[in-house]
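First listed ligand is number 1; within each ligand, the first listed atom is number 1. Excluded from the calculations below are hydrogen atoms, water molecules and symmetry mates; all remaining heavy atoms, backbone and side chain alike, are included. Just so we're clear, the structure is a prediction, and the values are computed from it rather than from any experiment. Just so you know, residue 1 is the first one in the sequence shown, and it goes up from there.
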Amino acid sequence: METVQLKKEPPLGWIYLNRPDKLNAINEQLMKDLRQAVDELVADDQIRVIIITGQGKAFSAGADISQFKTLNGLTAWEFAKKGRELMDYIENLPKPTIAMINGYALGGGLELAMACDIRIAAEEAQVGLPEITLGIYPGFGGTQRLIRLIGKGKAMEMMMTGDRIPAREAERLGLVNKVVPLTELEKETRNFAIKLAEKPPVALKLIKLLVNQGLDIPILAGLNMESLGWGVVFSTEDAKEGVNAFFEKRKPNFKGS
Ligand SMILES: CCCCC/C=C/C(=O)SCCNC(=O)CCNC(=O)[C@H](O)C(C)(C)COP(=O)(O)OP(=O)(O)OC[C@H]1O[C@@H](n2cnc3c(N)ncnc32)[C@H](O)[C@@H]1OP(=O)(O)O
């Protein structure tokens with residue numbers, strides 16, 4: 001893959017956006033490569049958690065602005081839709097995802113991070129949706145995901161001003177889960193990812209489905225889905241293992257069945 005690197009370190013799968021000289025700006029090729037990398041990790045049963053990060057000083061500085069010059073209304077719509085559908089796809093992957101924000105996460109870059117389940121950022125990182133400064137607005141799902149993550153007031157402020165905010169402020173707002181010094185970022189992310197990888201995969205998959213879909217449906221429908229899903233999760237071997245391990249006073253060994 002031209003613009004993305006893949007590293008398998010079972011149970012973890014790492015995806016590196018790899019256009020460091022362009023701060024990992026997201027062009028058509030990167031979208032294609034990212035989808036391919038994600039699919040490869042999803043298909044690999046040994047991989048339980050997917051981590052997305054950037055090479056160089058940025059996670060990603062957003063959609064590739066140089067592509068904008070050649071877009072017209074129709075092709076811009078197609079590009080935005082393609083990007084947005086990729087983010088939707090990532091959000092709904094059956095495995096947990098972590099965005100390891102090593103530097104700038106701006107525009108489409110922050111939209112990608114928001115499509116992940118967990119965001120861990122370096123203290124030195126900055127995040128924002130600066131599209132407004134280009135005369136546009138977020139188009140990879142950011143208008144919808146940001147309000148759900150941090151609420152309407154602050155989301156409006158971030159989108160309307162386009163201001164970048166430091167990682168600590170993002171943590172305070174609930175936009176990132178954890179902030180650590182850059183030197184500790186990889187270690188802390190790996191530890192967090194391992195913690196998730198030790199959890200039962202079917203239960204994790206159902207939590208993702210319930211939370212992601214639950215935000216968009218009436219509460220009673222969400223509660224009914226939760227009860228139905230509970231029947232599924234309860235019938236897994238991992239649920240038996242979890243209960244047995246509790247009574248046997250040992251650490252459970254979840255297999256994903
Ligand atoms: C069509 C549908 C899209 C819908 C949704 C998404 C929209 C977007 O994401 S729009 C893009 C939003 N992002 C931005 O506006 C950020 C743009 N970048 C910057 O403001 C700065 O690069 C910076 C503050 C992030 C970093 O500044 P600095 O450290 O001074 O680094 P440089 O500006 O010199 O950048 C190095 C190199 O990278 C190129 N570059 C940076 N960002 C982008 C980008 N988003 N697209 C394309 N290229 C980018 C920059 O032009 C430099 O290239 P060279 O000049 O060739 O070295």
Distance-only polar pair, side chains of Glu28 and Gln67, donor-acceptor under 3.5 Å: no
So which heavy atom in the protein is nearest atom 29 (O) of ligand 1, and how far is it from that ligand atom? Lys57 NZ, 2.6 Å
Taking side chain as C-beta onward, heavy atoms only, is Leu149 less than 4.5 Å from Met114? yes
Give the C-alpha distance, both sets of side-chain angles, the deciding distance and a yes or no for side chain to side chain contact (heavy atoms under 4.5 Å, CB included) between Ile194 and Glu198. CA-CA 6 Å; Ile194 293 286; Glu198 288 171 350; 3.7 Å; yes
Considering non-hydrogen atoms of the protein only, which is the closest contact for atom 33 (O) of ligand 1, and what is the distance? Leu23 CD1, 4.9 Å
Among protein heavy atoms, which sits nearest to atom 5 (C) of ligand 1, and what does the distance come to when rounded to 0.1 Å? Gly139 N, 3.3 Å
Protein residue, atom and distance nearest to atom 24 (C) of ligand 1, heavy-atom basis: Arg164 NH1, 3.3 Å
Using heavy atoms and a 4.0 Å limit, tell me yes or no: is Gly83 in contact with ligand 1? no
Under 4.0 Å to a heavy atom of Asp64 - the qualifying atoms of ligand 1, by number: 46 (N), 47 (C)
Counting only heavy atoms closer than 4.0 Å, does ligand 1 sit against the backbone of Ala25, its side chain, both, or neither? side chain
Is there side-chain contact between Lys255 and Glu237, with at least one heavy-atom pair below 4.5 Å? no
Should Asp21 be listed as contacting ligand 1, given a heavy-atom distance under 4.0 Å as the test? yes
Which residue and non-hydrogen atom of the protein lie closest to atom 17 (C) of ligand 1, and at what distance in Å? Ile65 CD1, 3.9 Å
Using a plain distance cutoff, I'd like to know if Ala63 has any nitrogen or oxygen under 3.5 Å from a nitrogen or oxygen of ligand 1. yes
Show me the donor-acceptor pairs within less than 3.5 Å that the side chains of residues 222-229 make with the rest of the protein, sequence neighbours left out.
{"unit_1": "Asn224", "atom_1": "ND2", "unit_2": "Leu220", "atom_2": "O", "d": "3.3"}
{"unit_1": "Ser227", "atom_1": "OG", "unit_2": "Leu223", "atom_2": "O", "d": "3.2"}

Numbering as shown, the atoms of ligand 1 that approach Gly107 to under 4.0 Å (heavy-atom distance): 9 (O)
For Thr70 and Thr75 the tightest heavy-atom approach is O-OG1, 4.3 Å
Side chains of Asn18 and Thr3: is there a donor and an acceptor less than 3.5 Å apart? no
Within a distance under 4.0 Å of any heavy atom of Glu111, pick out the atoms of ligand 1 and give their elements. 5 (C), 6 (C)
Heavy-atom nearest neighbour in the protein, as seen from atom 15 (O) of ligand 1, with distance rounded to 0.1 Å: Pro130 CG, 3.6 Å
Does Arg84 come within less than 4.0 Å of ligand 1, judged by its heavy atoms? no
Is Asn24 reaching over with its side chain to a backbone N or O of Phe59, donor-acceptor style, under 3.5 angstrom? yes
Got Ile26 and Met31 here, is their nearest side-chain heavy-atom distance under 4.5 Å? yes
Remaining members of the apolar cluster that contains Tyr104, side-chain heavy atoms under 4.5 Å: Leu23, Leu106
In this structure, atom 19 (C) of ligand 1 is nearest to the protein heavy atom Leu106 CD1, 4.9 Å
How close do Ala115 and Met87 get, counting heavy atoms only, and between which atoms? CB-O, 3.4 Å
Atom 13 (N) of ligand 1 protein-contacted (non-hydrogen atom, under 4.0 angstrom): yes
Are the side chains of Thr97 and Lys208 in touch, meaning some heavy atoms are under 4.5 Å apart? yes
Would Gln126 count as a contact of ligand 1 if the rule is a heavy atom under 4.0 Å away? no
Atoms of ligand 1 under 4.0 Å from any heavy atom of Ala80, numbered from 1 in the order shown, are 2 (C)
Is Arg19 salt-bridged to Asp33, going by a charged N under 4.0 Å from an acidic O? no
Among the heavy atoms of Gln67, does any lie under 4.0 Å from an atom of ligand 1? no
Where ligand 1 meets Leu134 - atom numbers and elements under 4.0 angstrom, heavy-atom basis: 10 (S), 11 (C), 15 (O)
Looking at atom 55 (O) of ligand 1, would you say a protein heavy atom lies below 4.0 Å from it? no
May I ask you to identify the nearest protein heavy atom to atom 49 (C) of ligand 1, giving residue, atom name and distance to one decimal place in Å? Lys22 O, 3.9 Å
Numbered in order shown, the ligand 1 atoms found under 4.0 Å of a heavy atom of Phe79 are 1 (C), 2 (C)
Does a donor on one side chain sit under 3.5 Å from an acceptor on the other, for Asn102 and Tyr16? no
